[in-house]
Amino acid sequence: MIPVNFLLIIAIMLFVLGIVGIVVRRNLFVILMSIELMLNAANLVFITFSRYYGNANGQVFALFIMTLAAAEVSVGLGIIVAVFRTHKTVHIDEINILKH
Amino acid sequence: MFVSLMIYLLGLLAILGGIFMLLSKNPITSALWFGLVLISNAGIYGLLNAHFLALIQILVYVGAIMVLIVYVVALLNFDDKDLMSKISLTKLLGLLFALILFVETLVKFSPFNTDKAANVSSSFGKSAAFGMEIFKNNLFGFEIVSILLLVAVVAGVYIAKKD
């Protein structure tokens, strides 16, 4: 027996926690981790339904999402390093060069 | 019975890790709590017969992504005055909409019949069956993803290099 409903609610909670992290935290690293958290929530739903319907296609797409997350982190960390080199900060409110 | 008990436990552990990830002040502590979320998710994948993906989750997410984040945090050496200090209208609106999303999904949630879960063969989710699924039915997506990775490698090197 698979507790599908519980897993879906867990996935929703992880996704909402990711949104809250993006909104509330001001550190670029934590924002990047929150995005990863949201991708993980999507993965959890894919794998849950893959098991529920006995169809391995969902697992394949979960693997694709993981690849995407790895690509995203490599580019995102590159951007953070580049930003830190020019601004000397990772605080997102102080990176407001487009505003002025 | 054992499987669902473990899934409940790991799910609660994942939520706990997510909450502490947002609450902890130091980004490295944050990253370690994030690691807890990833590892408990890997456990859930394993219990849902996705054995190969559980392994890949540990290898890629914990072994590469999380460690890379910790490494870059340690490398940059910034002052962490951050936190939720300043409360602004935008932030409150964002929190409100996140709450609305959560409540709405819970209200509109129609429960699935857990007894209807399909019976899967013992090879389901193991690397042989998983590889057949990729290379028989999803070859095009696989190639696209490999190109995406190549692009990401080039972009990562280009962005992070000094002028």
Side-chain angles (χ1 to χ4, degrees), chain A residues 1-10 12-14 16-17 19-27 29-30 32-34 36-37 40 43-44 47-48 50-54 56-57 59-60 62-64 66-75 77-82 84-85 89-91 93, chain B residues 4 7-8 11 14-15 18-19 21-22 27 30-31 34 37-38 41 44-45 48-50 53 56-57 60-61 64-65 68-69 72-73 76 78 80 82 84 91 94-95 98 101-102 105 111-112 114-115 117-120 124-125 129-130 133-134 137-138 141 145 148-149 152 155-156 159-160:
Chain A
M1 205 190 78
I2 310 296
V4 188
N5 301 311
F6 174 78
L7 282 171
L8 290 180
I9 288 170
I10 288 289
I12 294 167
M13 285 175 85
L14 283 179
V16 171
L17 275 176
I19 295 179
V20 170
I22 291 176
V23 173
V24 171
R25 294 302 301 266
R26 301 285 82 186
N27 191 322
F29 286 104
V30 183
L32 194 66
M33 278 185 258
S34 299
E36 297 299 317
L37 201 66
N40 248 295
N43 257 350
L44 193 59
I47 290 175
T48 306
S50 155
R51 174 67 184 78
Y52 186 71
Y53 291 115
N57 241 319
Q59 295 187 2
V60 175
L63 184 79
F64 291 166
M66 276 182 203
T67 322
L68 182 92
E72 184 202 313
V73 159
S74 68
V75 175
L77 283 177
I79 290 174
I80 293 179
V81 169
F84 185 77
R85 201 173 284 145
T89 180
V90 288
H91 193 281
D93 284 339
Chain B
S4 27
I7 287 181
Y8 285 128
I15 293 297
I19 289 172
M21 183 190 116
L22 296 187
S30 241
F34 180 53
V37 180
L38 298 176
N41 262 356
I44 293 177
Y45 297 172
L48 290 174
N49 284 44
L53 278 181
I56 293 295
Q57 168 96 354
V60 172
Y61 262 110
I65 293 179
L68 196 66
I69 289 176
V72 175
V73 171
L76 286 192
F78 51 87
D80 45 338
D82 170 28
M84 309 87 173
K91 253 183 229 179
L95 276 178
L101 178 71
F102 183 57
T105 30
F112 287 82
T114 45
D115 296 328
N119 289 318
V120 292
F124 182 74
F130 189 76
E133 184 68 28
I134 287 182
N137 302 332
N138 291 291
V145 157
L148 175 78
L149 265 184
I159 291 171

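The figures that follow rest on heavy atoms only: side chains count, while hydrogens, waters and symmetry mates do not. Below, chains carry the letters A, B, ... as their sequence lines are ordered, and counting in each starts from 1.
A distance of 8.5 Å separates CD of B:E133 from CD of A:Q59, quoted to the nearest 0.5 Å. Residue B:L76 holds its CG atom at 10.5 Å from OG1 of A:T89, rounded to the nearest 0.5 Å. A distance of 5.0 Å separates CG in A:N57 from CG in B:N138, rounded to the nearest 0.5 Å.
For B:N49, the parts lying near chain A are the backbone and the side chain together; criterion is any non-hydrogen pair under 4.5 Å. Of the two parts of A:Y52, the backbone and the side chain both hold a non-hydrogen atom closer than 4.5 Å to a non-hydrogen atom of chain B. Heavy atoms closer than 4.5 Å to chain A are found in both the backbone and the side chain of B:L68. Of the two parts of A:Y53, the backbone and the side chain both hold a non-hydrogen atom closer than 4.5 Å to a non-hydrogen atom of chain B. Proximity to chain A is limited to the side chain of B:V37, based on heavy atoms less than 4.5 angstrom apart. In this structure, chain B has heavy atoms under 4.5 Å from both the backbone and the side chain of A:L37. Residue contact with chain B, scored on non-hydrogen atoms closer than 4.5 Å, is absent for A:I22. For B:F112, the parts sitting under 4.5 Å from any heavy atom of chain A are the backbone and the side chain alike. The contact between B:A31 and chain A is made by backbone and side chain atoms together, counting heavy-atom distances below 4.5 Å. The contact between B:Y8 and chain A is made by backbone and side chain atoms together, counting heavy-atom distances below 4.5 Å. Only the side chain of B:F124 comes within contact range of chain A, with heavy atoms under 4.5 Å apart.
The heavy-atom pair separating A:R25 from B:S30 by the smallest distance is NH1-OG, 4.2 Å. Of all heavy-atom pairs spanning A:N27 and B:P27, the tightest one is ND2-CG, 3.3 Å. In terms of heavy atoms, A:V75 sits closest to B:A152 at CG2-O, 4.0 Å. Residues B:I65 and A:V73 come closest through the heavy atom pair CG2-CG2, 3.5 Å. Considering all non-hydrogen atoms of both residues, A:P3 and B:I7 come closest at CG-CG2, 3.8 Å. Here the closest non-hydrogen pair linking A:G21 and B:L22 is CA-CD2, 3.4 Å.
The most heavy-atom pairs under 4.5 Å with chain B, out of A:N43, A:I80, A:L68, come from A:N43. The most heavy-atom pairs under 4.5 Å with chain B, out of A:L77, A:I19, A:I12, come from A:L77. Considering only heavy-atom pairs separated by less than 4.5 Å from chain B, the leading option among A:V4, A:L7, A:I47 is A:I47. Per-residue counts of heavy-atom pairs under 4.5 Å with chain A were compared for B:A64, B:A98, B:A129, B:A155; the largest is that of B:A98. Most heavy-atom pairs under 4.5 Å with chain B, from the set A:A82, A:A56, A:G78: that is A:A56. Note: B:L48 leads B:N137, B:I69, B:L48, B:N41 in heavy-atom pairs under 4.5 Å with chain A. Considering only heavy-atom pairs separated by less than 4.5 Å from chain A, the leading option among B:G18, B:P111, B:A14 is B:P111. When the candidates A:L63, A:V81, A:T48 are compared by the number of heavy-atom contacts under 4.5 Å with chain B, A:L63 comes out ahead.
Checked against side chain to side chain contact (heavy atoms under 4.5 Å, CB included), B:I15 has the following partners two or more places apart in sequence or in another chain: A:I10, A:M13, A:L14, B:I19. B:Y45 meets the ring-ring contact (aromatic ring centres under 6.0 Å, His included) test with no other residue; sequence neighbours excluded.
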* Asked: Hey, mind stepping through A:S74 and B:L149 against side chain to side chain contact (heavy atoms under 4.5 Å, CB included) and telling me if it holds?
  -> CA-CA 10 Å; A:S74 68; B:L149 265 184; over 6 Å; no
* Walk me through it: do B:L53 and A:M66 pass the test side chain to side chain contact (heavy atoms under 4.5 Å, CB included)? => CA-CA 9 Å; B:L53 278 181; A:M66 276 182 203; 4.0 Å; yes
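A:R51 contributes no side-chain N or O that, together with a main-chain N or O of B:A50, makes up a donor-acceptor pair within less than 3.5 Å.
Between B:I44 and A:L44, some side-chain heavy-atom pair lies under the 4.5 Å cut-off.
Donor-acceptor pairing under 3.5 Å is recorded for the side chains of A:N40 and B:Q57.
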